[in-house]
Amino acid sequence: MDSAAVLAWYDHHARELPWRVSPADRRAGLRPDPYRVWLSEIMLQQTTVAAVKAYFLRFTALWPRVHDLAAAPLDSVLREWAGLGYYARARNLHACAQAVVRDHAGIFPDTAAGLQALPGIGAYTSAAIAAICFDERVAVLDGNLDRVLARYYALKVPVREAKEALRGALQLAVPERAGDFAQAMMDLGATICAPRAAMCLVCPLHDGCEARREGEPTRYPIKPQKAERPVRRGHAFVMQDAAGDVYLQSRPAKGLLAGMTEVPTSDWGELSGDPAFPLVADWRHRGQVVHVFTHFRLELDVWSAVVAPDGLETGWWAAPEALGGEALPTLFRKVLAAAGLD
DNA sequence: AAGGCGGGGAT
DNA sequence: ATCCCAGCCTT
């Protein structure tokens with residue numbers, strides 16, 4: 001693989017991103033801040049650049065250094081993470097910051113192996129940080145690279161079955177500018193070798209690409225069978241007291257939306273059944289909310305009522321104007337919106 | 001090795 | 001409606 005061609009392309013077409021040091025600045029000796037690179041990489045796990053930008057700017061404004069993030073309450077981190085999804089990342093982010101401060105004097109490890117021992121940092125993220133920050137010559141293999149390499153080699157099996165073979169092939173191509181190469185390959189996958197379109201005419205890997213030679217590059221990567229998404233149904237209960245404050249509670253510490261804020265709901269099952277209201281009140285049906293998770297589709301009927309707050313003691317009451325500061329996942333923001341709030 | 005785990009942008 | 005994103009962790 002012609003890594004020199006990839007780097008030459010990157011020198012002219014690198015995306016400008018808030019956490020990135022441009023190839024020109026990098027050549028001039030400027031080094032990325034491992035804290036900012038780490039934070040961006042965690043946020044970017046299974047998440048698009050467009051979705052991450054605002055969160056990254058907010059986090060770095062609130063917590064400019066790892067020490068600041070480590071000292072923050074977990075609740076604050078979850079609140080700021082709300083809406084970004086995959087909330088285990090936020091818990092691991094906080095735990096990782098504390099581990100770096102506690103066990104590494106606030107300095108991130110400078111090798112992929114050292115980084116991968118930290119919470120929330122796996123094979124991809126450890127390699128990415130080590131390459132980008134320290135130019136460790138390690139293969140950085142993410143979803144973009146899966147696609148680029150599957151096409152380059154016209155891989156006839158799903159990527160998951162050939163992951164280590166791809167890693168080995170990529171490892172042989174990693175040049176001295178390991179960080180720029182990693183970012184170049186990801187930019188290539190994001191802008192040239194995109195999922196539904198391959199702009200082969202302007203691709204620096206044009207010459208060696210087997211899928212291009214075959215003539216139908218978007219045939220790759222070969223996808224495994226997709227499991228169909230089941231539907232779950234239930235009811236959500238939005239309760240306000242006489243002052244208009246809304247009843248909220250915390251979700252369990254493990255599982256879906258762990259530790260995030262919610263309004264009470266029924267169990268979610270194949271059938272919703274009749275609503276079992278938590279209190280006697282004049283309940284009004286406020287419509288239905290549909291929310292799609294990775295592994296199921298959820299349909300919640302939304303009910304609202306003004307209630308006397310007796311017997312509700314596990315949660316708390318929040319003023320409608322204060323809902324923006326709660327750790328509410330998007331699902332429950334939809335529920336509140338259906339009830340005329342948020 | 002397989003499945004749980006969010007949400008949104010692009011098509 | 002479908003795909004898939006700078007994946008990790010648990011079982």
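These numbers come from the heavy atoms of this one structure, side chains and all, not from hydrogens, waters or symmetry mates. A, B, ... follow the sequence lines: proteins, then strands. Residue 1 opens every chain.
- Taking atom CD of residue A:Glu228 and atom P of nucleotide C:dC3, one finds them 13 Å apart after rounding to whole Å.
- In summary, the aromatic rings of A:His291 and A:Phe293 are positioned with their centroids under 6.0 Å apart.
- Distance noted for atom P between B:dG6 and C:dT10: 14 Å (whole Å).
- Looking at A:Arg160, its side chain comes within 3.5 Å of the base of B:dG3 through a donor and an acceptor atom.
- In this structure, A:Gln45 and A:Ala50 both approach DNA chain B, and ranking their closest nucleotides by distance from the 5' end singles out A:Gln45.
- Between A:Trp38 and the options A:Trp19, A:Phe59, A:Phe108, a ring-ring contact (aromatic ring centres under 6.0 Å, His included) holds for only A:Phe108.
- The gap from the C1' atom of C:dC5 to that of B:dC5 amounts to 14 Å, rounded to the nearest Å.
- Within the nucleic acid shown, A:Ile42 has no heavy atom closer than 4.0 Å to any nucleic acid atom.
- Here the C1' atom of nucleotide C:dA6 and the CE atom of A:Met185 are 13 Å apart, to the nearest Å.
- With salt bridges taken as basic N to acidic carboxylate O contacts below 4.0 Å, none links A:Glu326 and A:Arg79.
- Of the P atoms belonging to C:dC8 and B:dG8, the separation is 22 Å, rounded to the nearest Å.
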Next item on the list: Evaluate side-chain hydrogen bond (donor to acceptor under 3.5 Å, both in side chains) for A:Thr60 paired with A:Trp63, printing each intermediate quantity in order.
Entry: CA-CA 5 Å; A:Thr60 51; A:Trp63 303 300; over 6 Å; no
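- Contact of A:Thr330 with B:dG8 (side chain to base): no donor-acceptor pair of N or O atoms is detected under 3.5 Å.
- Taking only side-chain atoms of A:Leu17, from C-beta outward, the nucleotide of B:dT11, B:dG7, C:dA6 with the closest atom is C:dA6.
- Comparing A:Asn92 and A:Val49 by the nucleotide of DNA chain C that holds the closest heavy atom to each, the one mapping nearer the 5' end is A:Val49.
- Side-chain nitrogen and oxygen atoms of A:Tyr86 include none within less than 4.0 Å of the OP1 or OP2 phosphate oxygen of C:dC9.
- As a whole-Å value, the separation of A:Arg196 CZ from C:dA1 P is 15 Å.
- Note on A:Gly189: nothing from the nucleic acid sits closer than 4.0 angstrom, heavy atoms only.
- The phosphate of B:dG7 (OP1 or OP2) has a side-chain N or O of A:His291 nearer than 4.0 angstrom.
- Regarding A:Phe296, its CZ atom lies at a distance of 10 Å from the C1' atom of B:dG4, rounded to whole Å.
- Residue A:Thr294 places a side-chain atom within donor-acceptor reach of the base of B:dG6, judged by atom type and a 3.5 Å distance cut-off alone.
- A donor atom on one side chain and an acceptor atom on the other are not found under 3.5 Å apart for A:Arg89 and A:Gln45.
- The residue among A:Gln46 and A:Lys223 whose nearest nucleotide of DNA chain C is located toward the 5' end is A:Lys223.
- Judged by atom type and distance alone, A:Arg229 does not reach the base of C:dT2 through any side-chain donor-acceptor pair under 3.5 Å.
- Per the geometry, CG belonging to A:Leu44 stands 11 Å off C1' belonging to C:dG7, to the nearest Å.
- Among the heavy atoms of the strands, none lies under 4.0 Å from A:Ala197.
- In this model, the phosphate group of C:dC8 is approached by a side-chain N or O of A:Thr125 to a distance below 4.0 Å at OP1 or OP2.
- At a threshold of 4.0 angstrom between heavy atoms, the contacts of A:Leu93 with the nucleic acid are absent.
- A:Trp38 comes within 4.0 angstrom of no nucleic acid atom, judged by non-hydrogen atoms across all strands.
- Among the protein residues, A:Ser40 comes within range of no part of the nucleic acid, since none of its heavy atoms lies under 4.0 Å from any strand.
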Margin query: Please evaluate residues A:Ser304 and A:Arg286 with respect to the criterion side-chain hydrogen bond (donor to acceptor under 3.5 Å, both in side chains), reporting the C-alpha separation (whole Å), side-chain torsions for both, the decisive distance (0.1 Å), and the verdict.
Written below: CA-CA 7 Å; A:Ser304 71; A:Arg286 307 301 296 262; 3.0 Å; yes
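- Remark: C1' of B:dA2 and CD of A:Gln225 are 15 Å apart, rounded to the nearest angstrom.
- Dashed line: the shortest gap from a side-chain N or O of A:Arg147 to OP1 or OP2 of C:dC5 is under 4.0 Å.
- Between B:dC5 and A:His295, a contact under 4.0 Å exists linking OP1 or OP2 to a side-chain N or O.
- Among the heavy atoms of the strands, none lies under 4.0 Å from A:Arg91.
- A straight line from CG of A:Leu118 to C1' of C:dG7 spans 16 Å, rounded to a whole angstrom.
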Item checked: Audit row: A:Asp146, A:Lys163, salt bridge (charged side-chain N to carboxylate O under 4.0 Å, His left out) steps and yes/no -> CA-CA 8 Å; A:Asp146 286 348; A:Lys163 194 87 174 179; 3.1 Å; yes
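- Distance CZ (A:Arg20) to P (C:dA6): 11 Å, rounded to an integer number of Å.
- Nucleic acid contact for A:Leu84: base, since at least one base atom lies under 4.0 Å from a heavy atom of the residue.
- Note on A:Tyr124: a base of the nucleic acid sits closer than 4.0 angstrom, heavy atoms only.
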